[in-house]
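Below: the structure, in structure tokens.
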2 protein chains.
Amino acid sequence: MDKAEKLKEDFIMNFGWAYKAFGLSKLMGHVVALLLFSPKPLSLDEITESLKRSKGPVSQITRRLRDKNLIRRVWQPTSRKDYYEIQPDIFENAFRNNLEMVRNNYKLAQKFRTQIKDQNVQEAEILSARLEEMQSFYELMDKKYREFLDEWDDERAKLLG
Amino acid sequence: MDKAEKLKEDFIMNFGWAYKAFGLSKLMGHVVALLLFSPKPLSLDEITESLKRSKGPVSQITRRLRDKNLIRRVWQPTSRKDYYEIQPDIFENAFRNNLEMVRNNYKLAQKFRTQIKDQNVQEAEILSARLEEMQSFYELMDKKYREFLDEWDDERAKLLG
DNA sequence: CTGAACGTTTGAAAAATTTCAAACGTTGCA
DNA sequence: TGCAACGTTTGAAATTTTTCAAACGTTCAG
């Protein structure tokens, strides 16, 4: 294996690890990294071969990744096989998936806040303050996130010419 | 159990689940949620009791959470026990931990890019383009992140009066 | 010094997740 | 039709992660 190959493999491994922080499993991370650095779409078989896994898990993983809008299926005219490539807006989507969970949490917190206001007067003040902080945090995050997406659209348009 | 209690428990469970997306284990998520909604610092024993876990895992979890700067230890003058509370800047820190991994990945990608430029001419162009996109993405993200932290500082100051 | 109250470490058990090989269903080609 | 090339499902095996109880070391009060 030459040096570039080695580095690529390193990258794929590292990516798999890092993307656990985005709610992906290691194998999901590997598939994403592999596709990210493939100049062309890869078939299921090519993926299983590269990653040295059997078809079962890879099939499931590709489906989950599609559900999350991180990769997509494309058809090649010559072949009956499914081919996969990175979703063009993968980065945004990874971000978006996270944000959804954060929002969920936020809603739950809000619900809790109104509940506790009526009942447990003693603890309510401190809790309420903390929930308010949480709420502000998520709102700001949301705002910044939207700004980010807008700017990223521009940036991307520039890159693609 | 009254309604507010029930809701709180829901919240703690949900939080534990959601925070897997931030690289935390379920129990870590629970501890964070518990402390987030406790009006006062909790001792290890109180945490183990609330979460119905034994001391071993909770002890390890609190240490890992401290390493990530999500909770901190405080001492109560009356007791020899360790007490834990949420780190005041927990939200920022959770974010920061993620970003570090992203940056790591980015560095690796960059390294790969320079390597491949010299060697494998055929694939180099497409890969290089993709890495450039990745680079731009992370740079913008980094910028937005810093803006966010600045604004959040202001916001927080306002909230605390 | 001694004992009790702690948090931490540890090795094994339990639980959850990942993985595989094989069976299966579908599709299109001969 | 029948067969071959696929992707998917499935139940069991392997691996990893989580958990516990017990042993341990430290600290402090008496």
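Residue numbers start from 1 in every chain, and the chains themselves are labelled A, B, ... in the order their sequence lines are given, proteins ahead of strands. When reading the values below, keep in mind they use all heavy atoms of this one structure, side chains included, and skip hydrogens, waters and symmetry mates. Please read these numbers as outputs of a predicted model, since none were measured by experiment.
Spacing between atom NZ of B/Lys55 and atom P of C/dA5 amounts to 11 Å, rounded to whole angstrom units. Remark: P of C/dT10 and CD of B/Gln60 are 10 Å apart, rounded to the nearest angstrom. What separates CG of A/Leu44 from C1' of D/dT9 is a distance of 14 Å, to the nearest Å. With rounding to whole Å, B/Leu27 atom CG is found 13 Å from D/dC20 atom C1'. Note: CD1 (A/Ile47) to C1' (C/dC20) measures 18 Å, nearest angstrom. C/dT8 atom C1' lies 11 Å from atom CZ of B/Arg73, rounded to whole Å. Between the P atom of D/dC28 and the CH2 atom of B/Trp75 lies a distance of 11 Å, rounded to the nearest Å. Whole-Å rounding puts the B/Leu24 CG to D/dT17 C1' distance at 15 Å.
Nearest-nucleotide mapping onto DNA chain C: of A/Ser54 and B/Thr62, the residue sitting toward the 5' end is B/Thr62.
Counting heavy atoms from C-beta outward, A/Arg64 and A/Ser25 have side chains that approach closer than 4.5 Å.
Here C/dT18 is the nucleotide among C/dT18, C/dA21, D/dG7 with the atom lying nearest to any side-chain atom of A/Ser25. Out of D/dC20, D/dT9, C/dG7, the shortest distance to the side chain of B/Pro57 is found at D/dC20. Which of C/dT9, C/dT19, D/dT8 sits closest to the side chain of A/Arg66 comes down to D/dT8. Proximity note for B/Arg53 (side chain, C-beta onward) versus C/dT8, D/dT19, D/dT18: the nearest is D/dT19.
Within 6.0 Å of the CD atom in B/Glu139, the count of heavy atoms belonging to other residues, nucleotides or ligands exceeds 12. Few gaps surround CZ on A/Arg73; more than 12 heavy atoms of other groups in view lie less than 6.0 Å from it.
Side-chain to base pairing of B/Arg80 with D/dT27: one donor and one acceptor N or O lie within less than 3.5 Å of each other.
Contact between the side-chain N/O atoms of A/Arg63 and the OP1/OP2 oxygens of D/dG7 is not found at any separation under 4.0 Å.
Hydrophobic clustering (ILVMFWY, side-chain heavy atoms < 4.5 Å, transitive): B/Tyr83 and B/Ile61 are in distinct clusters.
Looking at B/Glu151 and A/Lys144, a side-chain N of the basic residue comes within less than 4.0 Å of a carboxylate O on the acidic one, giving a salt bridge.
Among the heavy atoms of the strands, none lies under 4.0 Å from A/Lys26.
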